[in-house]
Every structure is written in structure tokens, then in C-alpha cells.
Undergrad: 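Please find one structure pasted underneath; my questions will follow.
Residue numbering restarts at 1 for every chain, and letters A, B, ... go by the order of the sequence lines. Computed from a prediction, not measured in an experiment: that's the story for all the values here.
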Amino acid sequence: MKTSFSIGNVEFKNRVLVASGTFGYGDEVKDLVDVNKLGGIVTKSLSWKPRDGNPPRRIVETPSGMLNSIGLANVGVHAFIREKLPYLRTLKTKIVVNIAASSVQEYCDVLTLLDTQEGVDAYEINVSCPNVKEGGLNFGTDCRMTREITAQLRPLTRKPLIIKLTPNVTHISEFARAVEDAGADAVSVINTLVGMAVDVRTRKPKLSTVTGGLSGPAIKPIALAKVYEVAQAVKIPVFGIGGIQSAEDAIEFLLVGATAVQVGTMNFVDATASARIVEEIREFAEKENLDDVGKLVGALDANIKHSVLQSWL
Amino acid sequence: MKTSFSIGNVEFKNRVLVASGTFGYGDEVKDLVDVNKLGGIVTKSLSWKPRDGNPPRRIVETPSGMLNSIGLANVGVHAFIREKLPYLRTLKTKIVVNIAASSVQEYCDVLTLLDTQEGVDAYEINVSCPNVKEGGLNFGTDCRMTREITAQLRPLTRKPLIIKLTPNVTHISEFARAVEDAGADAVSVINTLVGMAVDVRTRKPKLSTVTGGLSGPAIKPIALAKVYEVAQAVKIPVFGIGGIQSAEDAIEFLLVGATAVQVGTMNFVDATASARIVEEIREFAEKENLDDVGKLVGALDANIKHSVLQSWL
Amino acid sequence: MVQQLVRLESNQEIAQGMFLMRFDSRRIATSAQPGQFLNIRATQRWSPLLLRRPFSISRVVGSSIELLYNIVGKGTKALSAQIPGEEIDVLGPLGIPFRYDGLFETAVLVAGGLGIAPFPFLTDFLEKKKATIITFVGSRSLFKIDMLHLRNVQYATDDGSNGFRGNVVESLAEYLQEHTLTAPKIFGCGPTKMLSSLSRLAQAKELSCELSLEGDMACGIGICQGCPVERSNGTKKYALVCTDGPTFDCREIKLPSP
Amino acid sequence: MVQQLVRLESNQEIAQGMFLMRFDSRRIATSAQPGQFLNIRATQRWSPLLLRRPFSISRVVGSSIELLYNIVGKGTKALSAQIPGEEIDVLGPLGIPFRYDGLFETAVLVAGGLGIAPFPFLTDFLEKKKATIITFVGSRSLFKIDMLHLRNVQYATDDGSNGFRGNVVESLAEYLQEHTLTAPKIFGCGPTKMLSSLSRLAQAKELSCELSLEGDMACGIGICQGCPVERSNGTKKYALVCTDGPTFDCREIKLPSP
Ligand SMILES: Cc1cc2nc3c(=O)[nH]c(=O)nc-3n(C[C@H](O)[C@H](O)[C@H](O)COP(=O)(O)OP(=O)(O)OC[C@H]3O[C@@H](n4cnc5c(N)ncnc54)[C@H](O)[C@@H]3O)c2cc1C
Ligand SMILES: Cc1cc2nc3c(=O)[nH]c(=O)nc-3n(C[C@H](O)[C@H](O)[C@H](O)COP(=O)(O)OP(=O)(O)OC[C@H]3O[C@@H](n4cnc5c(N)ncnc54)[C@H](O)[C@@H]3O)c2cc1C
Ligand SMILES: Cc1cc2nc3c(=O)[nH]c(=O)nc-3n(C[C@H](O)[C@H](O)[C@H](O)COP(=O)(O)O)c2cc1C
Ligand SMILES: Cc1cc2nc3c(=O)[nH]c(=O)nc-3n(C[C@H](O)[C@H](O)[C@H](O)COP(=O)(O)O)c2cc1C
Ligand code: FES
Ligand code: FES
């Protein structure tokens with residue numbers, strides 16, 4: 001059974017990675033799970049300087065989901081290289097370093113520094129960040145800026161450049177096409193959806209930042225539709241992300257066109273889930289008499305003529 | 001305790017309505033619940049001709065939510081006037097007729113015909129419909145078209161004109177501002193989110209139309225954030241909709257700025273829920289020593305300076 | 001139609017994966033008719049699940065209601081975990097019952113798998129009407145349903161381990177070749193595929209036949225439009241399984257061909 | 001740290017809304033230290049709920065673990081419905097235990113409400129170390145905790161129905177006025193408001209004081225960054241309750257003022 005896939009000349013041993021911000025830097029869970037079973041680890045977003053993150057409260061549970069407002073708390077790229085990378089380097093799985101920044105220059109600086117380091121296999125760019133120059137407006141909801149970031153980063157590395165798109169836009173496929181055009185090697189779809197929750201007794205928002213990012217099983221149907229839309233629109237690989245709890249969930253993403261998936265929130269509930277999903281996808285493919293898990297990718301049997309009806313919900 | 005509110009010269013007895021497509025035409029549930037307890041009934045979307053709706057499968061349950069692809073199956077405006085309106089007219093609650101169409105002309109025709117009828121208190125315009133002229137693209141994701149529909153309908157009636165916005169856009173507040181500007185009396189926020197689900201064994205989409213609309217508790221955090229965004233942007237009243245299961249949920253919507261709420265999917269689970277929510281909101285307001293439920297509207301105690309952080313999820 | 005919380009009297013696995021649930025509800029017991037269904041939530045175990053699940057009324061005994069169900073997914077799993085004394089939330093009786101027009105003398109009940117669910121109730125009713133009853137039950141393999149209130153059962157199993165080897169519609173077809181029934185009417189319940197071939201058999205033989213359909217439901221009471229089945233004719237393309245059915249004359253509806 | 005399914009031995013309401021849960025886990029029992037916690041899911045009842053919930057290890061008896069909890073929301077409600085024989089999913093032991101530096105002779109345990117949870121385990125430990133123990137317990141009204149393994153309990157109730165009338169920190173303050181303790185160290189656990197005033201009292205009196213904090217947690221193991229508490233000094237603004245705590249020296253952290 002072939003389980004691996006490649007992006008550029010980086011070969012991932014299987015199609016299940018863990019999503020940024022949901023697996024720390026890989027060392028926290030090593031007692032619980034053999035992280036070498038994973039297709040890859042996407043690190044927490046790194047910025048140039050360490051970030052404290054937002055004041056509490058940062059986490060709210062919602063029906064089948066959670067809101068978070070971590071504020072990209074991270075150790076910063078220098079401490080990452082000093083303290084985290086040495087351990088990550090010892091692992092037999094691919095390390096995708098996720099980058100977050102508040103200016104195009106900062107994205108470039110972080111990537112350039114990382115590119116001098118051994119042990120970084122690929123980059124994932126988080127564009128759901130405030131553009132400080134434009135008064136904090138989100139880079140990721142501006143197609144021109146998203147393309148610009150990609151275009152600026154592209155020449156700085158020969159390693160795979162993955163752009164992680166936000167779902168909080170009307171036509172996510174426009175963004176995917178723009179970054180494909182600007183030289184991205186892959187896209188990750190989706191980051192969290194903007195949401196909020198209110199404490200009716202205190203009349204205050206439950207999160208210190210009023211709104212936060214919704215993740216977990218609740219968003220899976222939305223994520224699947226976004227991945228399907230993107231996979232139809234671009235030729236580059238798509239990482240499917242959003243609410244994956246089981247191998248069945250992961251396979252849904254593969255079928256609609258994801259080349260691989262990332263498991264996020266579920267890691268908090270059960271850090272062993274991702275490794276189990278790796279195994280169960282292989283078993284599923286065996287039962288279906290496939291010789292390559294990749295044969296599931298894009299294998300959706302959809303009757304396209306119905307797609308116009310989608311608007312008549 | 002004052003529970004009522006008005007839009008134009010239409011007074012709703014309380015702030016809890018039932019959402020379009022989730023309560024039929026009011027007659028199906030009369031054995032279970034006293035519909036006169038409700039603030040209002042929004043009818044299923046009506047088009048000029050009857051619509052058969054989409055082929056099965058139309059319903060899929062998802063974690064804390066459901067996908068639907070009904071296809072706006074409805075009896076058509078003529079049969080509505082003949083068969084449904086006479087019963088609705090006997091009710092002591094407000095009747096908001098929801099209109100769906102595939103051209104601006106059709107919206108105008110349906111509204112013009114309804115406006116000759118007694119028993120229609122207000123209109124809610126569903127813009128999540130395919131624009132047949134533009135190849136089935138959704139009216140509601142095009143700000144210019146959404147404004148155009150509003151502007152064309154405005155002069156045709158003196159009754160309240162409520163535009164129901166789709167959440168599947170980047171900045172919903174732009175749409176709210178556009179329709180306010182074009183003369184809408186209120187907006188309803190939100191309609192369903194685009195989502196999908198796949199049967200991994202057959203490899204087919206579970207819904208006949210591939211994608212459908214996600215509703216239910218899963219979407220409540222998203223709906224709240226959209227309502228909050230809209231309520232900050234416009235002066236006209238906002239109907240808050242999305243995943244309301246309890247009085248507490250409804251009050252969250254009021255606090256973020258909804259003038260009233262609509263209960264949707266929960267009616268399928270428990271047709272008595274909406275009337276109970278009416279009662280429980282009153283009890284909550286009493287406990288808080290308010291003399292008017294309206295004092296909850298927009299009473300969120302939010303620290304605005306944090307809002308810039310929202311992008312740093 | 002009522003919506004009420006009822007307390008379970010029993011909820012037992014009576015055969016492989018098949019459960020019989022019983023609770024008391026005088027209001028449902030006095031108004032229910034064979035072929036109708038209830039829309040149910042297992043309040044103490046359900047919460048991840050949003051929607052109710054529809055189940056045929058399997059039998060009414062005094063003021064007790066019995067349901068018969070298989071574990072097929074999360075809802076039925078949750079239902080099976082509910083223990084006596086716990087509550088479930090019940091809405092019903094719903095839907096159009098099997099029609100009794102007095103024009104038939106032999107009732108031919110045809111069940112695929114859990115399609116037997118509504119037949120104990122129908123059997124009680126037909127016995128009172130003094131109809132002759134013959135019941136065809138199909139299943140994948142050996143299947144013990146002695147404790148169910150059925151009459152004159154003819155088994156069919158895919159593997160031949162019990163009765164006829166083959167599916168239940170083939171078993172009925174063979175029976176009809178070999179026997180002449182007086183004024184028969186067929187009542188069918190089971191998977192859509194099986195109903196579809198039963199419908200073709202009945203129409204080929206010009207036998208009166210009513211089917212009880214399944215469908216994905218959100219509300220069960222006609223407000224969501226979630227449960228369409230294609231009509232054979234008329235101006236409206238679809239009927240609703242929940243309020244126009246679940247029972248239909250087989251000529252009224254167009255099932256997807258198997 | 002282990003993640004395992006354990007079968008409940010008991011799960012009983014021992015006082016108004018307060019439950020004591022017990023299960024067997026040699027692996028946790030042999031490695032746990034007072035002040036540590038477990039992150040738990042009630043597998044058979046949890047499904048609507050996504051995240052685990054953190055609970056202090058209340059006592060270790062042989063290879064059995066005891067937890068003490070109040071019903072405050074959906075998770076604790078689901079936990080309370082879990083019956084002996086059913087499984088729960090347990091992750092732990094987690095967090096930094098209470099520090100025992102051997103520098104104190106009198107341990108002053110101060111609990112607000114369910115803040116007593118970690119103290120039976122701590123009491124067992126301190127008794128082995130031959131420390132003198134005095135336990136201050138505050139609650140809204142009369143509150144019977146005789147069955148819990150605590151020593152030398154001084155009650156405070158808001159309504160004066162049991163012991164001191166007022167909150168537990170006021171009760172401690174009065175006690176400290178009237179008594180002189182030899183080499184005391186305070187261990188506090190309870191609502192943030194109470195810990196905040198306890199912290200101010202300890203710092204005013206220059207008493208060594210450790211607090212066990214609560215916080216909204218997603219993972220419990222330092223990967224989500226969901227559980228910050230403000231540090232008093234140093235370059236990093238926040239500590240994580242789950243991995244830097246839940247126990248902190250009261251001078252290390254800045255609690256929101258009450
Ligand atoms: C009018 C009516 C009467 C019924 N009576 C009975 C009965 O007496 N006993 C009984 O065991 N079952 C009966 N059913 C079917 C029963 O409703 C489903 O088995 C149940 O809803 C499955 O719920 P679940 O959560 O366990 O499965 P889910 O997790 O919802 O689904 C599991 C699998 O079952 C399929 N499925 C789900 N719902 C249905 C459905 N309604 N029909 C066919 N396949 C479905 C899904 O596609 C999926 O493959 C009836 C259905 C209807 C419409
Ligand atoms: C390290 C640690 C140890 C704990 N030990 C115990 C213990 O031994 N016994 C015990 O009963 N409880 C303990 N708690 C608190 C316990 O985790 C919460 O009561 C529980 O998570 C509530 O879950 P729920 O689903 O019932 O409530 P939810 O439905 O999640 O919340 C209900 C209400 O409780 C509040 N709440 C939720 N979680 C917390 C929390 N972590 N802290 C404070 N308020 C909260 C919410 O804001 C809400 O108002 C501990 C918490 C931590 C962090
Ligand atoms: C607590 C938390 C922290 C996250 N941090 C990051 C981050 O630093 N960078 C990033 O690109 N995505 C981050 N994400 C988003 C996830 O990587 C993922 O895209 C999203 O949660 C959807 O997947 P899920 O539903 O499986 O969690 C975070 C998500 C959560 C829940
Ligand atoms: C089955 C179903 C049918 C619906 N039909 C309509 C409709 O005809 N017109 C409309 O404007 N909205 C329709 N809606 C959307 C609801 O009115 C509501 O906006 C949405 O479901 C979100 O609210 P909820 O989460 O409370 O269900 C429908 C929703 C569902 C679930
Ligand atoms: S189930 Fe809702 S209309 Fe039939
Ligand atoms: S709970 Fe996840 S970091 Fe503390």
C-alpha cells in the first residue's frame with residue numbers, strides 16, 4: 001500500500017499531518033504518541049519576535065466546536081531555532097514551519113532566517129494575520145495582499161511554500177488561484193472561521209478579544225465545501241483541514257480533492273487520534289482494494305449538473 | 001414587562017419569531033403549540049410559480065447541525081394566497097412573508113401581488129437565490145445585486161421590507177449598509193452557510209446537489225459574530241438568526257445588537273421551543289430587573305479596543 | 001399528535017443487534033394506527049445528535065407502545081444505551097396509516113430485514129378484521145423472531161440458512177406461482193431496493209400493494225420539506241414521506257430502480 | 001502521563017450537588033502527586049461536548065483514584081450521570097504538584113467551596129511528612145464533608161450556619177490575629193476571587209503561599225496555549241496554568257483583583 005505523497009522534492013510518508021497551533025512543537029506529547037507515525041508536523045505559527053498572545057479568556061467550547069483567541073502566542077523564530085528545532089530535527093517525519101507576521105517584510109525575514117536552518121522541510125504561511133500597515137485589516141481577506149505575500153516569499157526559498165487560506169471570504173477559490181499564480185506549491189484550507197460567544201449574565205463577550213476562531217467538528221461541512229471549491233479551481237495540492245475526528249472524516253476530504261489532511265482541534269481531545277487516523281486510512285484503502293491511498297484523492301463521484309442548484313438551498 | 005417592538009408601524013408582540021422554512025405555514029404544528037405566543041411567523045420562501053424542490057437526499061445531519069438542500073420547494077404565491085393565507089390571517093401574531101426569486105422582476109411580481117392581500121404584515125427577502133440571468137450566480141453574494149433588489153422593491157410597498165443576508169461573504173456589513181441605503185427597514189442575519197458531506201463508501205456527496213446549507217447550533221458562534229458586525233454597521237433593526245436552541249442563545253443575539261431573533265432548525269427538533277423561549281426571555285429580563293426586554297438589545301459590555309486583536313486568532 | 005417525555009419500561013436486545021423498546025403512553029396508544037410512526041430523541045444520551053429519528057410503531061399493547069429497531073448509526077446506538085427508567089422524548093403518532101378498505105381477504109405482509117417493525121401492530125389489526133395473513137420475512141441469514149407477534153411466517157435468507165434461499169421478493173414471487181390467494185393485498189416494508197422490486201412484482205401481477213417507505217427526515221411533520229419521494233403522476237413532482245406517507249400505494253410513487 | 005480508559009468503581013453524590021468518583025488506575029496512582037490534575041471525558045455521555053475537563057486528583061487510595069466535583073455545567077452533569085461499570089477517558093497526571101520544600105511546619109490549607117478537592121491527597125502526604133495541618137473551608141451555607149479526609153477543619157459560611165460567618169479568607173485572617181503558627185505555609189484552592197484575596201493576605205503577612213488555579217483549558221498539556229495566567233515579573237507576560245501550574249507561588253502570578 002502506497003501511503004506517501006510528494007510536494008516538490010519533499011516526500012511525506014502519509015497523508016495525515018497535524019495542524020498548526022494544535023500540536024505544539026511536537027515534544028509535549030511524545031509520552032502519548034509516536035509522532036514519527038505522522039505524515040508531518042505543522043508547527044505553531046512563528047513570528048519574528050516572541051508573542052505573549054491575548055489576555056484570558058482564550059478558549060470557549062461551543063456546540064461540537066471551540067472558539068480560540070490565542071493571539072498567536074509563540075516563542076519567536078529565534079527561540080524556535082534554538083530550543084525547538086533541535087528536537088524536531090531528530091524526528092522521522094516532515095516538519096512544516098508555519099509563519100505569521102504583521103507585515104510582508106516580517107514574513108520575508110522569518111522565512112529567510114529559517115531557510116538557513118537544517119530540519120525545516122516546508123513552510124506554511126498563515127495569512128490570517130493583521131496587516132499593521134493597513135490598520136490591522138486581515139491580510140488573508142484581501143486577495144491582492146495574499147498574492148503579494150506569496151510573490152515576495154516565492155524567490156526566497158526552494159522548499160515547498162504552502163499558503164494557508166482563511167475561509168472568511170466570499171470566493172476562496174479566487175484566493176487559491178491568486179497564490180497558485182504567484183508560485184505557491186500548495187494551499188491549506190481552512191483556517192478558523194470568525195465566531196463569538198457571550199456570557200449573558202455578565203453581558204461580556206466570553207473571549208477577551210470579543211471574536212475568535214471557530215474550529216472543530218462543527219465546521220467540517222463548511223471546510224469540506226471550501227476544499228471542494230478550491231480543489232476544482234487549482235492544480236496545486238490542497239491540504240484539507242477542519243473538524244477532522246476520524247479516518248472517515250479525513251477520507252471525505254481526500255475524496256473532494258485534498259491531497260492530504262491536517263488534524264487540528266481533535267489533538268486536544270485525543271493526542272493519539274492523528275496517528276490512529278493514519279492507520280485507519282490505510283485499512284480503508286486496503287478494504288477498497290486500492291494500492292495507493294492517493295487513488296482516493298479527488299475520487300468524488302459527483303453529478304456536476306446539479307451544482308447550479310446549490311444556491312436554491 | 002414590555003416585550004414588544006415595532007418596525008415601521010408594525011408592532012411585534014415579542015422578540016422571538018420562527019425562521020423561514022422551519023415552521024411551514026403555521027398550520028402543521030397547531031396541535032403542538034399555541035402559535036399566537038410567537039412574536040411572528042416567517043413563511044417558507046415563496047416564488048411566483050410553485051417549485052418542486054431538489055431531488056432527494058435533501059437532509060444530512062452533521063455534528064450539532066444539519067445540511068439542507070430543499071431547493072426552495074414551495075406552493076407558489078398563488079396557492080399561498082388561496083390555501084395558506086386564510087389560516088394565517090386568523091392568527092394573532094405577525095405574518096412575515098418570505099420571498100425568493102430567480103430574477104429581480106420575479107421578486108417584484110411576487111411582492112406586488114402579495115401587497116394586494118390582507119394578512120401580510122411584512123416582507124422578508126431571501127437573496128440566497130440563483131440569478132438566472134447571470135448563470136445561476138447567487139444574488140446574495142453580489143453586493144450590487146442585493147442593493148438593486150432592495151431598491152426595486154422599496155417603492156412597491158409601504159410595509160416593512162426586511163432583507164435576509166447570506167453569511168457566505170467576506171464583509172457582511174457592506175451588504176447591510178447597501179440595503180439600508182436602498183431603503184430596507186431591517187435585515188435578517190444569517191441564512192445558512194454553504195457546506196457539504198460525503199458518503200465515503202459510495203464516494204458520492206450525501207446531498208443530491210453536492211453542497212447545501214448548514215444550520216443549527218454548530219453555526220451559532222458564526223451567526224453571533226455576523227450579527228455583531230452588522231449591528232455595529234447599520235441603524236436599522238437586525239433579526240438575529242442561527243443555531244438558537246434556548247433563551248440564553250437568543251439573549252446572546254439581543255446583547256450583540258439584534259432587535260429580535262428567529263428560531264430555525266430547533267423547530268424541527270422541538271416545535272414548542274420557540275414559544276418556550278419567548279417565556280424564558282421574559283423571566284430572564286424580570287430577574288435582571290428590566291422593565292423592557294428591549295433593554296437587552298445591544299447591551300453587550302465589550303471592550304472595543306481589543307477588536308483589532310481579532311485577526312490574531 | 002403529541003410530544004411527550006416517556007419513561008422506558010424496557011429496552012432489550014432480542015436478536016442480533018435488534019432491540020425492542022417499550023414505554024407507556026395512553027395518548028399515543030389510543031390514537032395510533034398501524035403504519036404510523038414516532039419521531040424520537042433519547043434525551044439522556046442524544047445531545048451530540050440534533051434531529052429526532054423516525055421509528056414505526058411496532059405494536060400497541062394496552063397503553064404500552066413497542067418499537068423495534070436495529071443499531072445502524074449514532075442515533076440508534078444512543079437509543080440502545082438508554083436504560084429502563086430513563087426518559088425519551090416522543091413525537092407522534094405521525095403519518096398516514098396503512099389503508100384498510102375491506103376489499104381484500106388475504107393480507108400479504110412482506111418485510112425486508114427490520115421492515116418487520118410495523119407488522120406486529122398491523123397483524124393485530126388485521127386479525128380483528130378477520131383477514132387471512134401470510135408474512136414473508138427476508139434477512140441476510142438465520143434470524144429468530146418468534147417473540148414477535150407475526151402470523152404464518154415464510155422465511156427467506158440470502159444464504160439459505162432459514163427457509164427460501166434468496167431475497168424476500170423472489171420468495172414471494174415463487175409462492176405466488178405455486179399458490180392462489182383469495183383477494184390478496186400486499187403490505188411491504190423494508191429497504192428501498194427491496195420495495196422497488198416488490199412494487200414491480202405487484203404491478204406486473206396487478207396486485208394491490210401498499211409500501212411503507214423510509215426517508216431522511218428532519219421534522220417528521222411536513223414543515224422542513226426534507227423527505228421527498230417522486231410521484232408517478234400528477235402535477236406535483238414529489239410527495240413527502242412524513243405526511244403523505246410513509247405508506248403509499250405502490251402505483252403512486254416512483255422508487256429509484258434497484 | 002498516560003491516557004487510558006478506566007472503569008468507574010463508584011460515582012456518588014456525597015453532599016448537595018457534590019460528587020465523589022472513584023476508579024482504579026495503578027499507573028496514575030503510582031505517579032501522581034498532590035496538586036496534580038487529570039483531564040477527563042465521560043465517553044458514554046460526553047459526545048455533545050468536545051473538550052476534556054480538568055479535575056484535581058482528590059485522593060489516592062492504593063491503586064484507586066478519587067475525584068471530587070460539583071455539577072456546574074454540561075460536562076460535570078454528564079460526568080455525574082456516568083454509572084459504575086461505565087468507562088471514562090482519563091489523561092494524566094498533569095501539572096506541577098504542590099511544592100514540598102521541608103521549610104514549613106504548619107500547613108494551612110484554605111479551600112473555597114470545591115477548592116477542597118485536592119486537599120485530601122495533600123493531607124495524606126503532609127501527614128506522612130509529619131507536618132501540622134489546619135484546614136479552612138469556606139462555603140455559602142452548611143456543608144458536611146466529614147467523609148473527606150481532612151484534618152482540623154475550621155468552617156466558614158456566608159450565612160454563619162456553620163462556623164465563622166463570612167468568607168474563608170476573613171476567617172483565616174481572624175485566626176491569624178488570634179493564633180501564632182510555627183513556620184506556616186498556606187496552600188490555597190478555590191475560585192479566582194478568593195485566591196486573589198488570599199494572595200493579598202499572604203503577601204501582606206509575608207507568609208509563604210501556594211495557590212492552585214483554575215483556568216479554561218482545551219488540552220491540559222501545553223499545546224493549545226489556552227490557559228494563560230499573568231506573571232508578576234520576568235520577560236514572559238503569561239504562564240500556562242496547565243504546565244507551569246496549576247500550583248503557583250502567590251508572588252509569581254497576578255490574579256485579577258476581586
Ligand atoms: C417512517 C420511518 C419509519 C422507520 N421505522 C423504523 C423502525 O421501526 N425500526 C428501525 O430500526 N428503523 C426504522 N426506520 C429507520 C430509522 O429511522 C433509521 O435507522 C435511523 O434514523 C438511523 O439513525 P442513526 O442515527 O442510528 O443512523 P445515522 O447515523 O443517521 O445513519 C446511519 C446510516 O443509516 C442511514 N440512514 C439514516 N437514516 C435513514 C433512514 N431514515 N432510512 C434509511 N437509512 C437511513 C444513513 O444514510 C447511514 O448510512 C424508519 C424510518 C422511517 C422514515
Ligand atoms: C487544574 C484544575 C483543577 C480542577 N479541579 C476541579 C475539581 O477537583 N473539582 C471540580 O469540581 N472542579 C475542578 N475544576 C473545575 C472544573 O474543571 C470545571 O468545573 C469544569 O470544567 C466545568 O465543566 P462543565 O462542562 O460542567 O461546565 P461548563 O459548561 O464548561 O461551564 C459552566 C460554568 O462554569 C464555568 N467554568 C467552566 N470551566 C471552568 C473552569 N475551568 N474554571 C472555572 N469556571 C469554569 C463556565 O464559565 C460556566 O460559567 C478544576 C479546574 C482546573 C483548571
Ligand atoms: C487553539 C488553536 C490554535 C491555532 N493556532 C494556529 C496558528 O498558530 N496558526 C495557524 O495557521 N492556524 C492555527 N490554528 C488553526 C488550525 O491549524 C486549523 O486550521 C483549524 O483549527 C481548523 O481545523 P480543526 O477544526 O481540525 O481544528 C489554531 C487552531 C486552534 C484551535
Ligand atoms: C430545512 C431548512 C429550510 C430553509 N428554508 C429557507 C427558506 O425557504 N428561505 C429562507 O430565507 N431561509 C430558509 N432557511 C434558513 C433559515 O431560515 C435560517 O436562516 C437558518 O436555518 C439559520 O438558522 P438556524 O440555525 O436556527 O436554523 C431554511 C433552513 C432550513 C434548515
Ligand atoms: S421530515 Fe420534514 S417534511 Fe418530512
Ligand atoms: S490547556 Fe492547553 S496549553 Fe494549557
Side-chain angles (χ1 to χ4, degrees), chain A residues 54 62-65 67-72 128-130 136-138 141 168-170 191-198 200 202-205 208-214 217-222 224-225 228 243 248 251-252 255-256 284 299-303 306-313, chain B residues 54 62-65 67-72 128-130 136-138 141 168-170 191-198 200 202-205 208-214 217-222 224-225 228 243 248 251-252 255-256 284 299-303 306-313:
Chain A
N54 293 330
T62 67
S64 298
L67 286 165
N68 87 78
S69 169
I70 303 301
L72 295 175
S128 300
C129 301
L137 279 179
N138 198 300
T141 55
N168 301 299
V169 298
T170 313
N191 213 315
T192 54
L193 285 137
V194 176
M196 78 183 282
V198 176
V200 299
T202 62
R203 299 189 183 177
K204 285 189 206 299
S208 65
T209 53
V210 184
T211 58
L214 184 66
I219 70 167
K220 197 194 73 175
I222 301 172
L224 264 180
Y228 183 59
E248 191 169 323
I251 293 163
E252 286 190 68
L255 289 171
V256 302
F284 178 90
L300 187 74
D301 177 9
N303 195 340
H306 280 310
S307 65
V308 147
L309 290 170
Q310 83 166 57
S311 324
W312 288 97
L313 302 179
Chain B
N54 293 331
T62 66
S64 298
L67 287 165
N68 88 78
S69 168
I70 304 301
L72 295 176
S128 300
C129 301
L137 280 179
N138 197 299
T141 55
N168 301 298
V169 298
T170 313
N191 211 315
T192 55
L193 285 137
V194 176
M196 78 184 282
V198 176
V200 299
T202 63
R203 299 188 184 178
K204 286 189 205 299
S208 65
T209 52
V210 183
T211 57
L214 185 66
I219 70 167
K220 196 194 74 174
I222 301 172
L224 264 180
Y228 184 59
E248 190 169 324
I251 293 162
E252 287 190 68
L255 290 171
V256 302
F284 178 89
L300 187 76
D301 177 9
N303 195 339
H306 280 309
S307 67
V308 146
L309 290 169
Q310 84 166 56
S311 324
W312 288 97
L313 303 180

Undergrad: Starting at CD1 of B/Ile222, measure out to CD1 of A/Ile222 and round the result to the nearest 0.5 Å.
TA: 4.0 Å

Undergrad: Rounded to the nearest 0.5 Å, how far does OG1 of B/Thr170 lie from CG of A/Asn138?
TA: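 Here the interatomic distance stands at 10.5 Å.
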
Undergrad: Contact part of A/Leu255 toward chain B, heavy-atom cut-off under 4.5 Å: side chain, backbone, both or neither?
TA: side chain

Undergrad: Taking every non-hydrogen pair under 4.5 Å, which of B/Ala299, B/Pro221, B/Ala225, B/Ala218 racks up the most with chain A?
TA: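 Among the listed options, the one with the most contacts to chain A is B/Pro221.
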
Undergrad: Mind ranking B/Val169, B/Ile251, B/Thr141 by heavy-atom pairs under 4.5 Å with chain A and telling me who comes out on top?
TA: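 Most heavy-atom pairs within the cutoff with chain A belong to B/Val169.
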
Undergrad: Calculate, to the nearest 0.5 Å, the distance between atoms CG and CG belonging to A/Asn168 and B/Asn168 respectively.
TA: 11.0 Å

Undergrad: Taking every heavy-atom pair that is under 4.5 Å apart, which of A/Gly195, A/Gly243, A/Ala197 has the most such pairs with chain B?
TA: A/Gly195

Undergrad: How far apart are the closest heavy atoms of A/Lys204 and B/Leu300, and which atoms are they?
TA: C-CD1, 4.2 Å

Undergrad: Identify which part of A/Leu67 has an atom lying under 4.5 Å from any heavy atom of chain B, answering side chain, backbone, both or neither.
TA: side chain

Undergrad: Any chance you could measure B/Leu224, atom CG, to A/Thr211, atom OG1, to the nearest 0.5 Å?
TA: 11.5 Å

Undergrad: Considering non-hydrogen atoms only, spot the tightest contact between A/Val210 and B/Tyr228 and give its length.
TA: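 Taking A/Val210 first and B/Tyr228 second, the nearest heavy atoms are CG1-CE2, 3.5 Å.
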
Undergrad: Within this structure, what is the CZ-CD distance for the pair A/Arg203 and B/Glu252, rounded to the nearest 0.5 Å?
TA: 13.5 Å

